[in-house]
**Q** 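Let me give you the structure first, and then I'll get to my questions.
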Amino acid sequence: MTEGSQDVFGYLDEKEAGYLEELKEYLRIPSVSTDPEYKDEVLRCSEFLLEKLRTAGLEAEAIETDGNPLIYAEWMKAEGKPTVLFYGHYDVQPADPIDEWRNPPFEPTEEGDLLVCRGATDDKGQSFTHVKAVEALLETRGELPVNVKFLVEGEEEIGGHGIEKFVIEDAGNRLACDAVVVSDTSLFAPGQPSLLYGLKGLAYMEIKVTGPNRDLHSGTFGGAVANPGNALSQIIAQLQDPKTGKILIPGFYDDALPLESWEREEFAKLPFDEAAYSADLGVGELFGEEGYSTLERAWGRPTCDVNGIYGGYQGEGAKTVIPAWAGAKVSMRLVPNQDPAKIAGLFSDYIKEIAPPGVEVEVSDLHGAEPVLVDIQGPIADAAMDAQEQVWGARPVRIREGGSIPIVATFSKILNVPVLLIGHGLPDDRLHAPNEKFNISHFYKGIRTIVRLLDEVGESA
């Protein structure tokens, strides 16, 4: 570790508590992008981040899109040095179901080393490490070892259409860089950092089944008309083989890139405890596609999952009706070579084909993301791994992840530079679920990791 990094680390020791309070301010803003009722809060959150980047010492601005603004910032005074582009998102998932939170979902609460709040790990806490690392370097040295740019969006949780359009139209001009750094993933396990090289894509669909023109008395009309709730259940039951776990949509697997033998060998070497995994989730048995391990299914095989079912009476007690309609939201996580638009088409055709008589079915394609495999070879990737090892005390493992970050594939294609997926969270951080958390110690180590990464990239140039 360089002497300069040690100086910054000493500064961080003094500033950690203040940085944590700033993160709490950030988290208190309920920037839920999917719900129009939170539009003003999303905008307020973008303004908060804009001010923090300016305070850190960068030139920053808001870039308008058809949706929520992009926040762009840069410091470009390291002549002859590489440029690192930091990506993150300031929008968050809804907090529902509210009654399952131990504390108000947008009031960050310390529980020992845990900071519990919506957005703590996905992605405010993780991406805020980029801001504070750059700020600490500028405060202690007055300069950075490399040039940096920031592009932070407010629509990642709803498909990222604004940033997608911006990156494609920019075509690597304003965003020209030597590497992209994304902190929106996890360590493999506590104390074991990872460098990700694969993310799944996404096809997110909605099914609406409509029957009679109004809710009907289930006694008077039962047996006389098709029940949309029953019809929806029949459709969902035909998405996956209950024994083998195979997705039954015709053509679904045609383009799926198989796992390489070396990948399966490397995954098998990882210290993964299936019993502990099951116990943590509270399930008696794991389930998935036959012929693959749990890690292989989660990281390298496509999936199809119902995310929500709705329709009919949802309140307490009984109300005996045949609902006029019923709906479901379904996500399909995709692996390399699978095209989200093609999969959406196959899904729609199949749903309409298997729909029972007596109902009408409407299928909507809500949004998608391309799967991606990124190149993590070369000096910049090595610098990232060295930085993680110096902070965490363990050499990172190279792994895939089952989640989707829509813009990563676009960065890889348009910018044609390494995309470094360096997460500081943990697999059990409950992202998208009640009681989302981020280890406070990981927030601090994440800042130090980014400091070391910038130093290592600067030294390797």
Side-chain angles (χ1 to χ4, degrees), residues 8-9 12-28 86 88-90 92-93 95 100-133 135-136 181-196 270-273 276-277 279-282 384-385 387-397 399 401-403 405 420-453:
V8 179
F9 284 8
L12 287 171
D13 288 339
E14 300 174 3
K15 292 291 184 177
E16 282 180 345
Y19 286 176
L20 181 61
E21 290 306 310
E22 290 181 52
L23 174 58
K24 290 179 180 179
E25 288 183 64
Y26 195 17
L27 292 170
R28 288 190 181 102
F86 288 111
H89 63 92
Y90 62 84
V92 300
Q93 284 276 324
E100 293 186 18
W101 286 80
R102 294 189 293 271
N103 303 286
F106 290 103
E107 180 50 49
T109 305
E110 292 187 42
E111 298 180 359
D113 187 43
L114 306 183
L115 187 65
V116 180
C117 189
R118 172 58 84 230
T121 193
D122 185 19
D123 174 46
K124 290 180 178 179
Q126 294 209 56
S127 60
F128 204 52
T129 64
H130 305 161
V131 181
K132 305 323 287 184
E135 179 178 315
V181 172
V182 180
S183 297
D184 194 11
T185 54
S186 302
L187 282 70
F188 173 70
Q192 177 56 69
S194 61
L195 190 62
L196 268 68
L270 294 170
F272 179 69
D273 187 334
Y277 184 80
D280 176 64
L281 298 176
M385 297 184 77
Q388 288 179 288
E389 183 174 15
Q390 289 165 23
V391 173
W392 292 93
R395 191 69 178 167
V397 292
I399 63 173
E401 218 274 343
I405 304 175
L420 305 175
L421 296 156
I422 304 173
H424 316 307
L426 287 171
D428 66 353
D429 275 345
R430 302 179 69 88
L431 55 165
H432 294 204
N435 303 306
E436 178 181 348
K437 58 89 173 172
F438 188 34
N439 288 62
I440 296 170
S441 59
H442 285 212
F443 175 58
Y444 297 151
K445 284 188 174 182
I447 297 171
R448 286 166 168 76
T449 299
I450 300 303
V451 167
R452 285 301 304 133
L453 168 65

**Q** Report the residues that fulfil side chain to side chain contact (heavy atoms under 4.5 Å, CB included) with Ala394, sequence neighbours left out, ordered by chain and then residue number.
**A** Gln192, Pro193

**Q** Check Ser186 against Ser194 and note the closest heavy-atom contact, atom names and distance.
**A** O-OG, 2.9 Å

**Q** Go through the structure and list residues passing side-chain hydrogen bond (donor to acceptor under 3.5 Å, both in side chains) with Asp184, not counting sequence neighbours.
**A** His89

**Q** So which pairs with a foot in residues 429-450 pass ring pair (Phe, Tyr, Trp, His ring centres under 6.0 Å), sequence neighbours left out?
**A** Trp392-His442

**Q** For the pair Thr121 and Gln126, evaluate side-chain contact (heavy atoms from CB on, under 4.5 Å) and give the outcome as yes or no after the intermediate values.
**A** CA-CA 6 Å; Thr121 193; Gln126 294 209 56; 3.3 Å; yes

**Q** I'd like to check the salt bridge (Lys or Arg N to Asp or Glu O under 4.0 Å) partners of Lys132; sequence neighbours left out, ordered by chain and number.
**A** Glu22, Glu135

**Q** Check step by step if side-chain contact (heavy atoms from CB on, under 4.5 Å) holds for Val391 and Val451.
**A** CA-CA 10 Å; Val391 173; Val451 167; over 6 Å; no

**Q** When rounded to the nearest 0.5 angstrom, what distance separates CG in Leu420 from OG in Ser183?
**A** 9.5 Å

**Q** Among residues at least two apart in sequence or on other chains, which ones pass salt bridge (Lys or Arg N to Asp or Glu O under 4.0 Å) with Arg28?
**A** Glu107

**Q** What heavy-atom pair brings Pro271 and Phe188 nearest, and what distance separates the two atoms?
**A** CD-CE2, 3.8 Å

**Q** Not counting sequence neighbours, which residues clear ring-ring contact (aromatic ring centres under 6.0 Å, His included) with Phe86? List them please.
**A** His130, Phe150

**Q** Side-chain contact, heavy-atom cut-off 4.5 Å: Ile422 with Leu195?
**A** yes

**Q** Donor-acceptor check, side chain of Ser127 to backbone of Tyr90, threshold 3.5 angstrom: yes or no?
**A** no

**Q** What is the minimum heavy-atom distance between Val92 and Gly119, and which atoms define it?
**A** CG1-CA, 3.7 Å

**Q** Could you work out, with salt bridge (Lys or Arg N to Asp or Glu O under 4.0 Å) as the rule, every residue matching Asp123, not counting sequence neighbours?
**A** none

**Q** Give a yes or no on whether Tyr277 atom OH has more than 12 heavy-atom contacts from other residues, nucleotides or ligands under 6.0 Å away.
**A** no

**Q** For Asn103, give me all partners under side chain to side chain contact (heavy atoms under 4.5 Å, CB included), at least two apart in sequence or on another chain.
**A** Thr109, Glu111

**Q** Would Lys437 and Asp113 pass as an ion pair if we require N to O under 4.0 Å?
**A** no

**Q** List for me each residue that meets salt bridge (Lys or Arg N to Asp or Glu O under 4.0 Å) alongside Lys24, sequence neighbours excluded, and say none if there are none.
**A** Glu21, Glu110

**Q** If you measure from CG on Leu431 to CZ on Arg118, what distance do you get to the nearest 0.5 Å?
**A** 8.5 Å

**Q** From Ile447 CD1 over to Leu23 CG, what is the distance, rounded to the nearest 0.5 angstrom?
**A** 8.5 Å

**Q** My understanding is that only residues two or more places apart in sequence, or in another chain, count here; which of them pass side chain to side chain contact (heavy atoms under 4.5 Å, CB included) with Glu401?
**A** Leu196, Leu199

**Q** For Phe128, check ring-ring contact (aromatic ring centres under 6.0 Å, His included) against everything at least two apart and list the hits.
**A** Tyr26

**Q** Mind checking whether Asn439 and Leu114 have side chains closer than 4.5 Å, heavy atoms only?
**A** yes

**Q** Nearest 0.5 Å please: distance from the CG atom of Asp122 over to the CD atom of Glu436.
**A** 5.5 Å

**Q** Among residues at least two apart in sequence or on other chains, which ones pass side-chain hydrogen bond (donor to acceptor under 3.5 Å, both in side chains) with Asp273?
**A** none

**Q** Nearest 0.5 angstrom please: Glu16 CD to Arg448 CZ, how far?
**A** 4.5 Å

**Q** Quick check: closest heavy atoms across Ala95 and Phe106, and the distance to 0.1 Å?
**A** CB-CE1, 4.1 Å

